[in-house]
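First up is the structure itself, then whatever we jot down about it.
Everything numeric in this text was worked out from a predicted model, so none of it was measured. All heavy atoms count here, side chains included; hydrogens, waters and symmetry mates do not.
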Amino acid sequence: MAFLMKSMLSNQVKNLGLGGGGEENKEESTPSDPAAAAGMTREEYEEYQKQVVEEKMERDAAFAQKKAERACLRVHLREKYRLPKSELDENQIQMAGDDVGLPEDLQKMVAEDQVEEEDKDSILGQLQSIQNMDMDTIKEKAQATFTEMKQAAEQKCCVM
């Protein structure tokens with residue numbers, strides 16, 4: 001209890017400015033020169049700052065390139081599935097420049113998808129899918145559809 005009271009009162013007294021002289025000494029002892037604070041000479045500090053700025057610019061450029069590649073992929077997918085275009089994606093591609101393309105692994109995936117779709121759309125692809133079907137299942141489905149149509153016609157027609 002005494003500890004709690006002492007800590008509360010000392011914090012309040014420090015806030016009033018009556019007993020907080022220790023903090024002022026700490027502020028005065030820190031050097032105003034950032035190079036001295038880092039333990040470097042002025043030239044070393046300037047060189048370090050240049051390197052930091054260059055690394056940040058490289059990271060930003062790589063990030064913008066990745067964003068543009070993702071936008072390019074989204075554009076390809078929108079074209080493939082006939083979805084509306086996005087101005088945001090087009091702006092990201094333009095900001096990155098003309099050298100934006102899909103990464104190699106994504107290009108391979110897109111090419112494989114196109115080949116598969118072309119195979120499915122061809123007549124041979126349709127014939128192969130028919131060959132893989134079970135004829136008994138097809139006959140059952142056809143008979144069920146025929147009986148459903150016959151029942152619907154009987155319900156609507158008074159003569160039958």
Side-chain angles (χ1 to χ4, degrees), residues 1-138 140-141:
M1 180 76 175
F3 173 74
L4 183 62
M5 291 297 288
K6 182 178 179 182
S7 65
M8 289 175 52
L9 287 175
S10 66
N11 287 339
Q12 294 298 327
V13 171
K14 287 180 184 177
N15 288 342
L16 292 174
L18 300 175
E23 293 177 7
E24 293 174 9
N25 292 337
K26 289 179 183 176
E27 290 177 7
E28 292 174 5
S29 65
T30 58
S32 61
D33 187 22
M40 300 180 209
T41 64
R42 188 65 148 156
E43 294 82 23
E44 289 174 342
Y45 186 74
E46 289 175 2
E47 183 66 29
Y48 173 74
Q49 289 297 325
K50 286 180 185 177
Q51 288 176 351
V52 168
V53 169
E54 288 174 2
E55 289 174 0
K56 183 180 184 319
M57 290 174 58
E58 290 174 6
R59 285 193 309 268
D60 290 344
F63 181 69
Q65 181 71 22
K66 290 290 184 185
K67 282 178 68 175
E69 288 175 356
R70 291 185 201 114
C72 187
L73 177 65
R74 287 191 295 269
V75 167
H76 283 286
L77 290 174
R78 284 191 178 102
E79 288 174 1
K80 178 180 177 182
Y81 295 110
R82 297 180 185 99
L83 297 173
K85 294 182 180 180
S86 172
E87 291 182 22
L88 179 63
D89 289 340
E90 292 174 3
N91 291 340
Q92 287 178 348
I93 292 171
Q94 288 176 356
M95 287 173 54
D98 294 335
D99 59 342
V100 177
L102 290 177
E104 291 180 19
D105 53 346
L106 293 177
Q107 287 178 352
K108 290 177 185 176
M109 290 172 55
V110 170
E112 289 173 2
D113 287 345
Q114 288 177 349
V115 169
E116 288 177 8
E117 287 181 9
E118 290 173 0
D119 288 343
K120 289 179 184 178
D121 291 340
S122 69
I123 294 174
L124 293 176
Q126 296 294 330
L127 289 175
Q128 288 176 352
S129 65
I130 290 175
Q131 289 176 352
N132 293 338
M133 292 182 150
D134 186 21
M135 290 304 288
D136 293 331
T137 308
I138 294 173
E140 290 174 5
K141 287 182 182 179

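Applying the side-chain hydrogen bond (donor to acceptor under 3.5 Å, both in side chains) test to every pair with at least one member in residues 52-65, sequence neighbours left out, gives these pairs: K56-D60.
Annotation: the span from Q94 atom CD to D89 atom CG amounts to 11.5 Å, rounded to 0.5 Å. Between the CZ atom of R78 and the OG atom of S86 there is a distance of 4.5 Å, given to the nearest 0.5 Å. For the atom pair R74 CZ and I93 CD1, the distance stands at 8.5 Å (nearest 0.5 Å).
A search for side-chain contact (heavy atoms from CB on, under 4.5 Å) contacts involving E44 returns M40, T41, not counting sequence neighbours. A search for side-chain contact (heavy atoms from CB on, under 4.5 Å) contacts involving K67 returns F63, R70, Q92, not counting sequence neighbours.
Taking a 6.0 Å sphere around CD of Q51, one finds it holds more than 12 heavy atoms contributed by other residues, nucleotides or ligands.
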